[in-house]
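Contents: one structure, followed by commentary.
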Amino acid sequence: QVQLVESGGGLVQAGGSLRLSCAASGRSFSSYAMGWFRQAPGKEREFVAAITWRGGTTYYADSVKGRFTCSRDNAKNTVYLQMNSLKPEDTAVYYCAAVKIGLILTLPSGYDYWGQGTQVTVSS
């Protein structure tokens with residue numbers, strides 16, 4: 001069982017930066033692949049970024065590539081999402097997710113555990 005808690009969301013102006021954190025409970029965090037998703041009002045949850053259990057491989061949605069960076073610190077049981085050059089269309093609730101054996105990391109159905117989400121609002 002893994003419990004995930006996101007933090008770091010808030011209100012920022014367009015062009016600004018935020019760093020989201022996702023703290024995980026459990027002893028085997030380092031064996032889980034982690035993902036970030038977001039959901040805006042009236043829209044489906046969409047993939048943002050993912051990182052493999054060792055952190056050797058990262059994946060990004062085209063809409064955030066070059067602006068967002070996903071990383072993890074297995075010693076701290078934490079995964080991060082550094083978001084730069086934020087745009088109003090990045091406004092959403094951001095969720096982190098975990099999966100023990102990740103086959104399809106870009107789909108919500110590929111994950112077993114989810115956090116409660118953190119709100120990110122980018123003003124124009």
Side-chain angles (χ1 to χ4, degrees):
Q1 190 77 6
V2 175
Q3 292 185 329
L4 305 172
V5 179
E6 303 94 336
S7 62
L11 174 64
V12 64
Q13 288 188 333
S17 298
L18 283 174
R19 188 176 82 155
L20 305 184
S21 299
C22 174
S25 64
R27 293 178 295 175
S28 58
F29 170 76
S30 60
S31 63
Y32 284 79
M34 302 295 295
W36 286 97
F37 289 78
R38 65 188 182 188
Q39 188 165 17
K43 295 188 176 181
E44 294 186 352
R45 191 167 298 191
E46 66 172 1
F47 170 73
V48 175
I51 188 165
T52 53
W53 66 281
R54 282 185 175 178
T57 304
T58 51
Y59 305 88
Y60 298 97
D62 288 343
S63 59
V64 306
K65 203 170 292 183
R67 300 188 297 123
F68 290 11
T69 302
C70 183
S71 62
R72 66 189 297 161
D73 185 338
N74 287 340
K76 296 183 178 180
N77 279 16
T78 302
V79 63
Y80 304 98
L81 185 68
Q82 177 66 44
M83 306 185 295
N84 299 329
S85 301
L86 283 162
K87 304 175 181 180
E89 51 263 44
D90 294 319
T91 295
V93 177
Y94 282 71
Y95 300 88
C96 70
V99 61
K100 186 78 170 182
I101 301 175
L103 298 179
I104 304 177
L105 297 181
T106 59
L107 294 178
S109 59
Y111 292 83
D112 297 321
Y113 304 101
W114 291 85
Q116 83 291 346
T118 185
Q119 176 70 46
V120 171
T121 303
V122 184
S123 63
S124 57

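In summary, the side chains of Asp73 and Thr78 do not present any donor paired with an acceptor at a separation below 3.5 Å, with no hydrogens or angles considered. For the residue pair Gln119/Thr121, the side-chain donor-acceptor check at 3.5 Å is satisfied.
Looking only at side-chain heavy atoms (C-beta outward), Trp36 and Phe47 stay at 4.5 Å or farther from each other. Side-chain contact between Val120 and Thr91 is absent, with no heavy atoms from C-beta onward closer than 4.5 Å. Contact check for Leu81 versus Val48: side-chain heavy atoms found under the 4.5 Å cut-off. Side chains of Asp90 and Phe68 form a contact here, defined as non-hydrogen atoms less than 4.5 Å apart. The closest side-chain heavy-atom distance from Gln13 to Leu86 is not below 4.5 Å.
Tyr94 places no side-chain N or O within 3.5 Å of a backbone atom of Leu20 that could act as its donor or acceptor partner. Between the side chain of Tyr95 and the backbone N or O of Thr118, no donor-acceptor pair lies under 3.5 Å. Listed for the Asn74 side chain is a donor-acceptor partner under 3.5 Å among the backbone atoms of Trp53. Panel note: side chain Arg67, backbone Ser85; a donor-acceptor pair is recorded below 3.5 Å. Here the side chain of Arg72 pairs a donor or acceptor atom with the backbone of Thr52 at under 3.5 angstrom. A donor-acceptor pair under 3.5 Å is absent between the side-chain atoms of Glu6 and the main chain of Ser21, judged by distance alone.
Across all their heavy atoms, Trp114 and Pro108 have their closest contact at CZ2-O, 3.5 Å.
Rounded to the nearest 0.5 angstrom, Met83 CE and Arg38 CZ are separated by 9.0 Å.
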